[in-house]
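In this text the structure is predicted, and so the values were computed from the model without any measurement. Protein chains get the first letters and strands the later ones, always in sequence-line order, with residue 1 at the start of each.
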Number of protein chains: 2
Amino acid sequence: MIKPRSRRGGGRPTISDVARKAGVGAITVSRALREPERVSEELRRQIQAAVDELGYVPDPNARALASARAEVFGVLVPSLTNNVFAEVVRGIYDSLSASPFRIQLGNTHYSGLEEERLLQLFGSQRPAALIVAGIDQTPTSRKLLESAGCPVVQVMETGPDPVDMMVGFSHLDGGRTATEHLIEAGYRRIGFIGARMDPRSQRRLAGYRAAMEAAGLFDPRLVTTTPVLSSVSLGREMLRDALAKVPTLDGVFCNNDDIALGVLFECHRASIAVPKTIGIVGFNDLDMMQVAFPSITSIRTHRYEIGRRAVAMALAAIAGNRPEQRIVDLGFELKRRESTAR
Amino acid sequence: MIKPRSRRGGGRPTISDVARKAGVGAITVSRALREPERVSEELRRQIQAAVDELGYVPDPNARALASARAEVFGVLVPSLTNNVFAEVVRGIYDSLSASPFRIQLGNTHYSGLEEERLLQLFGSQRPAALIVAGIDQTPTSRKLLESAGCPVVQVMETGPDPVDMMVGFSHLDGGRTATEHLIEAGYRRIGFIGARMDPRSQRRLAGYRAAMEAAGLFDPRLVTTTPVLSSVSLGREMLRDALAKVPTLDGVFCNNDDIALGVLFECHRASIAVPKTIGIVGFNDLDMMQVAFPSITSIRTHRYEIGRRAVAMALAAIAGNRPEQRIVDLGFELKRRESTAR
DNA sequence: AATAAAGATGGTAGCGCTACCAAATTGGTG
DNA sequence: CACCAATTTGGTAGCGCTACCATCTTTATT
C-alpha cells in the first residue's frame, strides 16, 4: 500500500509537482532550470510559470546527491575577525551571490592541523571549488587539495608552485618596498615589529631584512616579533619592548596596520614625535591609516579584489575554460603619508 | 544487468562499504554513528574500526536528503567586514566547530529585501537552526522565520516580541548610559554622531535623546547622522560637519568606535583638546579604544558571547529542551577612559 | 515457566534530484 | 522519398543515507 504523499519534510513542492503542473516530464523541468538552451522556448515558459506559481526552489541536497557535485565553494581562512580576511571573504561572497554557489567557510586559526581537518571535511562534500588562504599548506593538505577533483585557488600570496591557481601578491616585495621607503626617507635604525608570525609575516620580515642588508643597516636586535595574535594593544607593548632593546630606534616597519596604530598611539603617549623622531609604516592600508594623525604610510593590498578574482578564476575553470594565466599577481601600492614624511 | 560499482562520483567509501566490512547492516552503521548508545559496545567497536580503516566520512547531502533536515545553521548578518558581526560569527563558528553542524552565511547588506531573499533561499535547505541579526525583520521575513520549522535566534538586540529566542542587549539603554555618563562628566552641548542609521543605531540615538531630554539638554541640531556606511574617515568628516553646525559642541556620543576614532583623530588634527574641550564616547569597545591616546570611553558589548549563547540556545532547542529563558540580555558595560575624564 | 517489556539489529522503501540512455520529432540531403 | 543527423523530450535507475517498521534477542515480572 502506498502512503499518499507522505512527504517527510514539510510540504514543499518538488520537481515532480512542477512537472505535473507544466504537463512535462520531471527531467525536462530539471533541464529547463539548469540548461535552458536545451529546452524549447515554449516549454521553458510553461515550466517557468509553474515554478513561479508553486514557489518551487530546488533542493540543493538532492541536487548534490544526484550529481555528485555540491554547489558549494569551500573557503579556508586563518581568521574570521582579521579585517584582511574578512575583506577577502566579502569579495568571494559578493562574486558568488548571483550564482547558485554557496560558501562553506572554514577557520583554520592559523593551524596547519586544523586546515587538514577542514580540508578532509570539505572533501566529503564534493565542493565545486576550493579557495584557501596562503601557499604553505602541509604536505597532507597539499595532497588533499590536489585530489579534491575541483578547481583550487590559493589566495593572498603568489609563489612558484601553485596547486592549481593563485591570486595574491608578494609579501616579500611588500616588506622590502616598505623598508626601502623608510631608508630613502632618511631613517637608519629601522625596526621590524611583527605579531603572529605566520608565513606571510615571515616573508614581509624577509623583505625587510633584504632591504636593510642591502643598505648595510641590518641588526638582529632591530627585529621584535611574537607569535601572539596581532592587535592594536600589542603594537603598543611591542614598541615599548623594541625601544627598550634599541633606544636609538628611529623607524619601524610594522607587520600590519593594527600594530602600526598601536605604535602610533604609544608614540603619542610617550611624546615621541612622528615622523620626526620615529617613522612608521604599516601593512594593508586599512581605512583608518589615512585618517590617523599623523596619517600612516602603509602598503595597500587589494583584499576584496583578491576574493573577486579567485572566484572569477574558479568559475571559469568550472565552466571548462581554465584561465591561461594560473598565477595572478595583483601587486600592492606604497601609500606615502605623514608618518614617514620628514 | 547491474553495472558493478558504477560510483558516479569518485570512489569514496559509502555506508554499505563500512557495513560490509564490519559485517553488519547499513542501518546499524548509521545508528552507530548518530546514536551510539543504541548499538552494542561490541558492534560499535567493529564499526568504528571499519570506519577508520576505510576513512569513511558520511555524505552530508545524502543525510540531509534522507532525514529532511540539513546539519546547517543559517546565519544572517548585515555585514561581513564590520568587526562587530565578525565577532558574533566567530562565536557561532567556535561553538559549532565541535558539532556536526555547518554554517551557511548570508550577508544582508543591511537590506530587508536581501534578508527576505536569503531567508527564502535558506529555507530551501531545511536548516537545523537560524540565527539572524536584529529584531526588525520585515513582515515577510518574520513569516519566513516563523514557518522555518527550526529554532530561530535573533541576536544583537533584545526586544519584547521574539520570533522564538533572542540574545543581545538594549541599544537604547546603551545609548542612554553613554550619554548620561557625558552629562555627569560635566559636558553640556553633547552631540550624537551616527553613520549607517540601522535600527540599532536608531535606538542608540533614542537612548541619547532620552538622556538629553531628561537633563533638559536636547537640541535637534546636536544630532548628525548619515545613511552612509560607517568608517573611521567618515567619523572625521562628521565631526567637522557637527562642529560647523554647533561650534560650541563640547562632547560627542558616537554611534560606534570607528566613528569615535575618526572623531579623535580629527580633534588631534584640529588641535581640539580631548577630554578638555570635547569629550568622546564610542560604542562596542573594540580593542583599540583602550590603546588610543587619549584612551576612549566606550560601551563594551559582548559580541563573541552573543554568538556562543545563540548557538547554545539553538542546540538546546534542537536537542528538545528549549531553554526556559527565551530572551537573554547579556547587557553591556560602560568603560570609563581618558576621553571623558575632565 | 510463561509472558511481557525492553533492547538490539536488519530490511525495505523512499528523500528529490540528475546521469544515462532511449524514443520521438524535425530538418535537411542526395 | 528514403535516410541520416540533429534536436527535443521522457523513462529508468540510482546517488548515499535514514524513517519506519519488523524481527529477533535478552531481561525482567508474575
Divergence of helical axes at both termini of the helix from C:dA1-D:dT30 to C:dG30-D:dC1 - five pairs an end, 10° steps: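 Answer for the end axes of this duplex: 40°.
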From A:V311, A:I92, A:L96, residue fulfilling side chain to side chain contact (heavy atoms under 4.5 Å, CB included) relative to A:V75: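 That would be A:I92; it is the only one of A:V311, A:I92, A:L96 passing the side chain to side chain contact (heavy atoms under 4.5 Å, CB included) with A:V75.
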So does A:S30 get a side-chain nitrogen or oxygen closer than 4.0 Å to the phosphate oxygens (OP1/OP2) of C:dC17? no
Distances under 3.5 Å between nitrogen or oxygen atoms of protein and nucleotides 4-10 of chain D:
from: D:dT9; atom 1: OP1; to: A:S40; atom 2: OG; distance (Å): 2.8
from: D:dT9; atom 1: OP2; to: A:S40; atom 2: N; distance (Å): 2.9
from: D:dG10; atom 1: OP2; to: A:G25; atom 2: N; distance (Å): 2.9
from: D:dG10; atom 1: OP2; to: A:T28; atom 2: OG1; distance (Å): 2.5
from: D:dG10; atom 1: N7; to: A:R31; atom 2: NH2; distance (Å): 3.0

Could you tell me how far apart [X] ([atom1]) and [N] ([atom2]) are, to the nearest whole angstrom?
X	N	atom1	atom2	value
B:R20	C:dG11	CZ	P	13 Å
B:E71	C:dC15	CD	P	20 Å
A:L33	C:dC17	CG	P	9 Å
B:E42	D:dT25	CD	C1'	14 Å
B:L65	C:dT18	CG	P	11 Å
A:R63	C:dC17	CZ	P	8 Å
B:R12	D:dC15	CZ	P	13 Å
B:R34	D:dG16	CZ	P	17 Å

Would you find a donor on one side and an acceptor on the other, under 3.5 Å apart, between the side chain of [X] and the backbone of [Y]?
X	Y	result
A:S97	A:D94	yes
A:R126	A:A70	no
B:Q137	B:G134	yes
B:D17	B:T14	yes
A:E157	A:Q154	no
B:Y110	B:D198	no

Going by the rule salt bridge (charged side-chain N to carboxylate O under 4.0 Å, His left out), which residues pair with A:E35 if we only count those two or more places apart in sequence or in a different chain?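 Residues passing salt bridge (charged side-chain N to carboxylate O under 4.0 Å, His left out) with A:E35: A:R38.
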Are B:T138 and B:S141 close enough that a side-chain donor and a side-chain acceptor fall under 3.5 Å?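 There is such a pair between these side chains.
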Does anything in residues 47-62 of chain A come within less than 4.0 Å of DNA chain C? Heavy atoms only, and list the residues if so. A:Y56, A:P58, A:D59, A:A62
For residues 77-87 of chain B, pull every pair meeting side chain to side chain donor-acceptor pair (under 3.5 Å), keeping only residues two or more places apart or in separate chains.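 Listed once each, the pairs are B:E87-B:R90.
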Got a sec, which pairs hit side chain to side chain donor-acceptor pair (under 3.5 Å) with one end in residues 23-33 of chain B, sequence neighbours left out?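 Output for this query lists B:S30-B:R34.
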